[in-house]
Amino acid sequence: MSPPGLTIFDCDGVLVDSEVIVCRVCVPCLAEVGIVMSAEEIADRYIGISARSMIADLEVRHGRTLPADFYEMMRYRIAAAFETEPLTIDGVARFLADWTGKICVASGSTPERVRRCLTLAGLLHHFEPHIFSATQVERGKPAPDLFLFAARQMGAEPGECLVIEDSVHGVIAAIAAGVRGFGFTGGSHCGPGHAERLAAAGASVTFAHMRELRSLI
């Protein structure tokens, strides 16, 4: 495989170990509005998509409208948890320090959350200002819009890009955009069978530690 002209990183679960925190925080938030789901169920269904898409799906599935302040309440509690819990994924900082290729972030999270997480993990300087969010496009993952937008903003053709994703939704979005997708399974939320699910979604390579990425590229 030829080296990518642009490597696009998802944020949550790839650059920062945030997905397990988000899913755990969502459990009591949902319980307070009468929706009972485990962290594992939340992870299986919603990792890789935006919080607003998650809320829209919950409202359809449960046939009700969630409180107007639910999104802000959930966002506040997640942000508070990030301030007190470790977000570092082993090997990420070393890879970014050594890599000289063009990179950016394309995340389903808001730009503010992405920047805060990267700041807490000591990674923001590697990416700023090249941080792109689902809030900037019409459709989030699994639609291809975000990756196409990121490639366009970075002056790259989709076919010369590589996406690093931890979610099935993200891999599907990459393939739909005509971008090569690698599946990362090093986040704390990735259990048995996760690599197989990413491969089934279209990931051409799966890997469990960032030290492997340079040789795979």
Side-chain angles (χ1 to χ4, degrees), residues 8-87 104-121 123-124 127-150 153 165-174 176 187-190:
I8 305 173
F9 288 86
D10 179 35
C11 183
D12 296 291
V14 173
L15 297 174
V16 294
D17 203 9
S18 53
E19 297 285 24
V20 69
I21 299 172
V22 171
C23 293
R24 189 182 69 247
V25 171
C26 284
V27 171
C29 291
L30 290 172
E32 288 174 21
V33 294
I35 297 175
V36 178
M37 293 184 73
S38 68
E40 293 74 21
E41 289 172 324
I42 294 168
D44 286 344
R45 190 168 186 91
Y46 297 119
I47 280 182
I49 68 173
S50 69
R52 293 198 183 277
S53 295
M54 170 184 163
I55 290 171
D57 182 75
L58 286 165
E59 290 181 334
V60 170
R61 290 179 66 211
H62 293 272
R64 50 176 293 200
T65 299
L66 295 184
D69 64 347
F70 181 78
Y71 170 77
E72 289 300 327
M73 179 266 287
M74 185 172 65
R75 188 176 69 87
Y76 174 81
R77 293 187 187 180
I78 289 170
F82 287 163
E83 297 294 325
T84 61
E85 301 192 36
L87 293 171
C104 69
V105 176
S107 171
S109 297
T110 64
E112 295 79 14
R113 180 169 128 182
V114 172
R115 285 188 168 87
R116 185 55 184 161
C117 285
L118 293 178
T119 297
L120 291 169
L123 304 176
L124 182 64
F127 295 100
E128 191 72 274
H130 305 304
I131 294 171
F132 308 108
S133 162
T135 61
Q136 297 173 281
V137 296
E138 182 178 352
R139 302 175 299 168
K141 306 170 192 177
D145 302 30
L146 178 56
F147 292 136
L148 292 172
F149 176 77
Q153 294 298 307
E165 264 287 353
D166 68 304
S167 74
V168 168
H169 293 297
V171 171
I172 291 172
S188 297
H189 64 289
C190 299

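What's counted below: heavy atoms across the whole structure, side chains too, no hydrogens, waters or symmetry copies.
Looking only at side-chain heavy atoms (C-beta outward), P144 and R139 come within less than 4.5 Å of each other. Side-chain contact between F127 and R115 is absent, with no heavy-atom pair separated by less than 4.5 Å. Two residues are said to be in side-chain contact when any heavy atoms from C-beta on lie closer than 4.5 Å; L30 and I42 meet this criterion. Counting heavy atoms from C-beta outward, L124 and I131 have side chains that approach closer than 4.5 Å. At a threshold of 4.5 Å between non-hydrogen side-chain atoms, the residues F82 and R116 do not count as touching. Considering only heavy atoms from C-beta on, R75 stays 4.5 Å or farther from R113 through its side chain. Between V114 and F132 the shortest side-chain heavy-atom distance does not fall below 4.5 Å.
Partners of D44 under the side-chain contact (heavy atoms from CB on, under 4.5 Å) rule, at least two apart in sequence or in another chain, do not exist in this structure.
Scanning both residues, M54 and I49, for their nearest heavy atoms gives N-CD1, 3.9 Å. Among all heavy-atom pairs drawn from V25 and A81, the shortest one is CG2-CB, 3.9 Å. Taking each heavy atom of H189 and G13 in turn, the nearest pair found is CE1-CA, 3.8 Å.
Distance CE/M37 to SG/C23: 9.0 Å, rounded to 0.5 Å. Residue I35 holds its CD1 atom at 5.0 Å from CG of L58, rounded to the nearest 0.5 Å. One distance of note links CG of D57 with CZ of R45; it measures 4.5 Å at 0.5 Å rounding. Going from atom OH of Y71 over to atom OG of S50 covers 8.0 Å, rounded to the nearest 0.5 Å. Of the inter-residue distances, the one linking L123 atom CG with F9 atom CZ reads 10.0 Å to the nearest 0.5 angstrom.
With hydrogens and angles disregarded, no donor-acceptor distance shorter than 3.5 Å links the side chain of E165 to the backbone of D10. E83 places no side-chain N or O within 3.5 Å of a backbone atom of A80 that could act as its donor or acceptor partner. A donor-acceptor pair is defined here as one N or O able to donate and one able to accept, closer than 3.5 Å; no such pair exists between the side chain of E72 and the backbone of D69.
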Derivation and outcome, side-chain contact (heavy atoms from CB on, under 4.5 Å), residues H169 and Y46: CA-CA 9 Å; H169 293 297; Y46 297 119; over 6 Å; no
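Side-chain atoms of S109 and D12 include a donor-acceptor pair closer than 3.5 Å.
Classification of R77 and E32 as a salt-bridged pair holds, one side-chain N sitting under 4.0 Å from a carboxylate O.
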